[in-house]
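So the structure is just underneath, and the comments pick up after that.
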Amino acid sequence: AGIIANCAALDIFNCENRGNITAEKGAAGGIVAYMGNKDTDPRAIIECCTNYGNITGYDCAGGICGNMESDNSGVVVAENKNEGNITVTAKRSAGGIVGRTCSGGAFADNRNNGIIVNQSTNDDAEAGGILGENEDDEISVTGNTCPRGDKYARQEVVAPVRTVTTPLPVIGGTAKTVPVKTQQPI
């Protein structure tokens with residue numbers, strides 16, 4: 001982890017990681033690798049943190065937190081940003097902000113600009129732009145200003161899609177290239 005390898009419930013604010021992180025076992029995160037608070041304080045907050053490094057984890061990987069466990073939804077992950085690429089190599093999930101959580105909780109105003117790659121061969125392995133895996137299946141979406149924002153945020157967390165654009169060469173025409181794009185997001 002860039003800042004904390006393993007901790008119970010903490011309030012973490014305004015942290016920044018600029019280094020690349022690789023975990024050959026367990027979870028990897030730009031700020032926290034593993035945050036477990038199942039039997040202690042039910043609340044945990046990670047807010048206003050930024051990761052610039054590339055993160056590679058064996059089990060779970062996230063730009064801000066690799067694996068976050070809690071028995072309730074007292075977890076708040078807000079206003080964080082990931083700029084690095086996130087890769088999980090063997091077991092579970094990769095997410096731009098959090099690789100895996102089993103607590104649901106509130107995710108608000110987080111942004112991922114990195115590429116998310118899941119190299120796991122497990123059938124239940126997942127990847128998401130904000131959250132890779134949520135065992136609780138309850139997600140709170142805030143910060144949207146129109147109804148489409150809620151739908152977009154939920155899609156971005158579970159399975160992000162993009163419209164692809166590229167120039168293609170033209171043979172025998174007056175222009176050297178022509179811009180093209182997919183008909184729908186893929």
Side-chain angles (χ1 to χ4, degrees), residues 1-4 10-17 21 23 27-35 43-57 59-70 72-89 91-120 124-163 185-186:
I3 309 293
I4 301 169
L10 286 178
D11 294 347
I12 302 170
F13 298 98
N14 299 316
C15 291
E16 183 177 288
N17 172 53
I21 309 283
I31 305 300
V32 180
Y34 176 83
M35 179 180 280
R43 121 193 121 73
I45 299 171
I46 303 178
E47 205 168 277
C48 300
C49 295
T50 303
N51 173 58
Y52 294 98
N54 295 323
I55 310 298
T56 303
D59 185 29
C60 300
I64 302 299
C65 182
N67 191 355
M68 182 179 286
E69 292 193 12
S70 174
N72 64 38
S73 60
V75 173
V76 176
V77 181
E79 298 181 39
N80 299 293
K81 180 173 70 170
N82 174 55
E83 298 289 340
N85 297 328
I86 311 299
T87 304
V88 70
T89 59
K91 286 193 172 181
R92 290 201 115 146
S93 304
I97 301 298
V98 175
R100 173 185 172 265
T101 182
C102 60
S103 64
F107 285 71
D109 300 321
N110 295 290
R111 187 174 68 214
N112 172 51
N113 294 322
I115 297 169
I116 312 303
V117 178
N118 192 327
Q119 297 174 343
S120 174
D124 61 349
E126 299 172 356
I130 301 296
L131 174 60
E133 175 185 0
N134 180 23
E135 289 187 10
D136 186 47
D137 292 333
E138 186 171 320
I139 298 170
S140 168
V141 177
T142 61
N144 56 304
T145 56
C146 72
R148 292 186 329 177
D150 181 80
K151 181 180 176 186
Y152 173 79
R154 291 176 190 279
Q155 178 69 37
E156 188 68 16
V157 166
V158 177
V161 294
R162 300 287 184 266
T163 298
I186 55 173

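- Atom CG of N112 sits about 5.0 Å away from atom CG of N82, to the nearest 0.5 Å.
- Listed by chain and residue number, nothing satisfies the side chain to side chain donor-acceptor pair (under 3.5 Å) test with E79 (two or more places apart in sequence, or in another chain).
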- request: I would like to know whether N17 and I55 meet side chain to side chain contact (heavy atoms under 4.5 Å, CB included); could you show each step before the answer?
  value: CA-CA 10 Å; N17 172 53; I55 310 298; 4.2 Å; yes

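- Taking the side chain as every heavy atom from C-beta outward, V98 and I130 never approach each other to under 4.5 Å.
- For the atom pair CZ (R100) and CZ (R92), the distance works out to 4.0 Å, reported to the nearest 0.5 Å.
- In this structure, CD1 in I4 is found 14.0 Å from OH in Y34, a value given to the nearest 0.5 Å.
- With a 4.5 Å cut-off on side-chain heavy atoms, I46 and V76 do not count as touching.
- Between the side chain of T87 and the main chain of T56, no donor-acceptor pair closer than 3.5 Å is present.
- F13 has its side chain within reach of D11: a pair of non-hydrogen atoms, C-beta onward, lies under 4.5 Å apart.
- The heavy-atom pair separating A94 from I86 by the smallest distance is CB-CG2, 4.2 Å.
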- request: Please report the C-alpha distance between V88 and D59 in whole Å, then the side-chain angles of each, then the deciding distance to 0.1 Å, and finally whether the side chain to side chain contact (heavy atoms under 4.5 Å, CB included) criterion is met.
  value: CA-CA 7 Å; V88 70; D59 185 29; 5.8 Å; no

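- In terms of modelled atom types and a separation under 3.5 Å, the side chain of N67 and the main chain of C60 share no donor-acceptor contact.
- Rounded to the nearest 0.5 Å, atoms CD1 (I116) and OG (S93) are 11.5 Å apart.
- Here the straight-line distance linking atom CD of E83 with atom CD of E16 works out to 10.5 Å at 0.5 Å rounding.
- When all heavy atoms are compared, the tightest approach of A27 to A33 is CB-O, 3.4 Å.
- Here N85 contributes atom CG and N54 contributes atom CG; the two are 4.5 Å apart, rounded to the nearest 0.5 Å.
- When atom types are taken as modelled, the side chain of N113 and the backbone of G84 share no donor-acceptor pair closer than 3.5 angstrom.
- A donor-acceptor pair under 3.5 Å is absent between the side-chain atoms of N51 and the main chain of I64, judged by distance alone.
- Nearest heavy atom pair, residue G57 against residue A28, reads CA-CB, 3.7 Å.
- Looking at V77, I12, I97 one by one, the single match for side-chain contact (heavy atoms from CB on, under 4.5 Å) with C49 turns out to be I12.
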